[in-house]
Visitor: 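What follows is a single structure, and I will ask about it in a moment.
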Amino acid sequence: MRERIRIASAPFDPEEEMVRFRAQLADAGAVVSFLGLVRARNAAGAVTALSLQHYPGMTERDIGDALNEAASRWALEAALVIHRIGDLAPAEPIVLVATASKHRRAAFEAADFLMDHLKCRALFWKCETGEGGRSWIEPRTDDYADAARWDG
Amino acid sequence: MRERIRIASAPFDPEEEMVRFRAQLADAGAVVSFLGLVRARNAAGAVTALSLQHYPGMTERDIGDALNEAASRWALEAALVIHRIGDLAPAEPIVLVATASKHRRAAFEAADFLMDHLKCRALFWKCETGEGGRSWIEPRTDDYADAARWDG
Amino acid sequence: MATLLFFGRLGDLAGGVERALGLSTALSVADVIGIIEQSDRLLASALAEERVRYAINGTIVDGEALIEDEDELAFLPPVSGG
Amino acid sequence: MATLLFFGRLGDLAGGVERALGLSTALSVADVIGIIEQSDRLLASALAEERVRYAINGTIVDGEALIEDEDELAFLPPVSGG
């Protein structure tokens, strides 16, 4: 499986990244992408800024481990993870996951698995600023339940 | 939910379509896309061409019904279905499905549901030409089982 | 004239997707297959297969449904998209 | 010098992500938290919470693991990405 991990400290262009991701494919029949965007509202009201922190080195290794697990579970031709760090504004892309496989189920499930990992297991810390003040975000109960679906 | 159905008789650019799809979004946090590509090989060997037929009018109405069902099951901000007809070469895009929602599970599930519908319930007929000769394709047993996951 | 539409492999058997059929009276889908059988038993047998669905003017119907002049009757074999 | 790293809300409490700590001998993570407690009980209490994990030089460890001079000890509160 061809894989690429990128921790981006500046905005990235999702469609440009997808053109690049697709250019390397030889005989994929299915390409799934997930794009996460900063939402302009949370439960407490308007969100004006989001700040993302990571642990350089350890975060990348952990995502590499998740990609290895995906490769062992599904027949993937390629997988991509791009994750922003730093300060983000509403509507900006935070995360892009792409997977490619012969048949669609592998690509869907692997993208779903990788997103569950990024959402509540990968080493990122997310701080929201807005009407509700400034607060460090924790995954929702749903997010933990989603991630647990893949546990052995 | 904003929706768009396009039956394309000429090649389309998936990333250009995704730029357009994303431009209409107001407060989506999750965008899932599925892109299906013509595979260069099947079980019988090399595939040289694929030809897709639809029933103008009825095919679009049926896809519209599937989009309505998706909208009633999941909180979607927008959904897109583009499906090729006519003659296609290996590696060409056949189908693009995109969904947008606040949270990722709705976008993932709706895209998965729509693809299952397009794969074995929507009114398309697919003919492959290659080493194995010329043959009309039927969905795999897996495809029918996948589609049945959503039945009531 | 009514229009008959043959999709997928049925079009190969019929020698084309579309065929016109003059009707002096309303006929059931089964009657139409019976007429086709007189000239093309192979096609008629394929049309009568259980997995082939029928649509009149874009609505799925069963074999007893009636078609009249100006109607469009489509024979839909198993589909496959994506 | 060893390096202490405080991520997420722990960085707010510590007044910064990174802090240097001179070590004359190897100390356990629990010992380090004990040292911090002498000057900052609020931070030490946050570091000792069950949901906070520890990593030494990028590997997850428990509270009894030892850090030596030149090591990097990171305190990892609940994560959230995507």
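Keep in mind that this is a model prediction, so the values were computed, not measured. Below, read A as the first sequence line, B as the second, and so on, with proteins coming before strands; counting in each chain starts at 1.
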Visitor: Among side-chain atoms of B:Ser33 and A:Ser33, is any donor-acceptor pair under 3.5 angstrom?
Guide: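 There is such a pair between these side chains.
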Visitor: Below 4.5 Å, heavy-atom pairs only: which of B:Val38, B:Asp116, B:Ile94 has the largest tally toward chain A?
Guide: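 The option with the most such pairs is B:Asp116.
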Visitor: Check whether any side-chain heavy atom of B:Leu114 lies under 4.5 Å from a side-chain heavy atom of B:Phe34, and answer yes or no.
Guide: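 B:Leu114 vs B:Phe34: side chains apart.
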Visitor: Any Lys/Arg nitrogen of A:Arg121 or A:Asp151 sitting under 4.0 Å from an Asp/Glu carboxylate oxygen of the other?
Guide: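 The answer is yes: the pair qualifies as a salt bridge.
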Visitor: Are any of the side-chain heavy atoms of A:Arg105 and B:Asp146 separated by less than 4.5 Å?
Guide: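 A side-chain contact under 4.5 Å exists here.
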Visitor: Please classify the contact of A:Ala111 with chain B as side chain, backbone, both or neither, using a heavy-atom distance under 4.5 Å.
Guide: both
Visitor: Sort A:Ala91 into side chain, backbone, both or neither according to what part of it lies under 4.5 angstrom from a heavy atom of chain B.
Guide: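 For A:Ala91, neither part sits under 4.5 Å from chain B.
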Visitor: If we only count heavy atoms from C-beta on, is the A:His54 to A:His83 side-chain gap below 4.5 Å?
Guide: no
Visitor: Can you tell which of A:Val19, A:Asp112, A:Val32 has the highest number of heavy-atom pairs within less than 4.5 Å of chain B?
Guide: A:Asp112
Visitor: Please identify, among B:Met18, B:Lys102, B:Glu16, B:Lys119, the residue contributing the most non-hydrogen atom pairs under 4.5 Å to chain A.
Guide: B:Lys102
